[in-house]
Amino acid sequence: MPAEIPAPAAAAAWIALDLSPTSDLPLWAAHWLADGEDGEHLRHLAGLSRSEPREIHDVQEAALADCRTPIPAVADAAEAAFTHLARLFLSGDLTERGLLNDLHADCV
């Protein structure tokens, strides 16, 4: 996964593909709150510790719903994830090696 804070749609795609780094979701939620998103579940997620994976998992879908971002179907999620990586690569924020590492890590 790229190190920057993804948009809620990218996070939802990774969740649909079962590739989301659960421990990062509270940090991402805090950034989404700072960016203007809001909601009870999103605030709850932002307040969780990365060492609470069960609670994070239990609230992640509702927190994304607070961001008006549903968990997509797997095919749509795959397209969104690859599009996100392509944008990072084309903008220079992801190297060839980083792209291949991300793809390889997600496939094993």
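Everything numeric here is computed off the predicted structure, so don't read it as measured data.
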*Which heavy atom of Leu48 sits nearest a heavy atom of Pro26, and at what distance?*
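Of all heavy-atom pairs spanning Leu48 and Pro26, the closest is O-CB, 3.3 Å.
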*Where do Pro70 and Ala12 come nearest, in terms of heavy atoms and distance?*
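Closest approach of Pro70 to Ala12, heavy atoms only: O-CB, 3.7 Å.
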_With salt bridge (Lys or Arg N to Asp or Glu O under 4.0 Å) as the rule and sequence neighbours excluded, what pairs involving residues 62-72 come up?_
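Salt bridge (Lys or Arg N to Asp or Glu O under 4.0 Å) check on residues 62-72 returns Glu37-Arg68.
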Residues which pass side-chain contact (heavy atoms from CB on, under 4.5 Å) with [X], listed by chain and number, not counting sequence neighbours:
| X | result |
| --- | --- |
| Asp93 | Leu88, Ser91 |
| Ala46 | Ala29, Ala30, Leu33 |
| Thr22 | Pro53, Ile56 |
| Leu27 | Ile5, His31 |

*Short question: side chain of Thr83, backbone of Ala81 - any donor-acceptor pair under 3.5 Å?*
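Absent.
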_Treating Ser49 as the side-chain partner and Glu52 as the backbone partner, does any N or O pair qualify as donor plus acceptor under 3.5 Å?_
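Not a single qualifying donor-acceptor pair exists.
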[X]: which residues meet the side-chain hydrogen bond (donor to acceptor under 3.5 Å, both in side chains) condition with it, sequence neighbours left out?
| X | answer |
| --- | --- |
| His57 | Arg54 |
| Asp38 | Arg43 |
| Asp76 | none |
| Ser23 | Arg50 |

_Measuring only between side-chain heavy atoms, which start at C-beta, is Trp14 closer than 4.5 Å to Pro6?_
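In short, these two side chains touch, coming nearer than 4.5 Å.
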*Kindly indicate whether the side chain of Ile15, heavy atoms from C-beta on, has any atom under 4.5 Å from the side chain of Glu61.*
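No, their side chains stay 4.5 Å or more apart.
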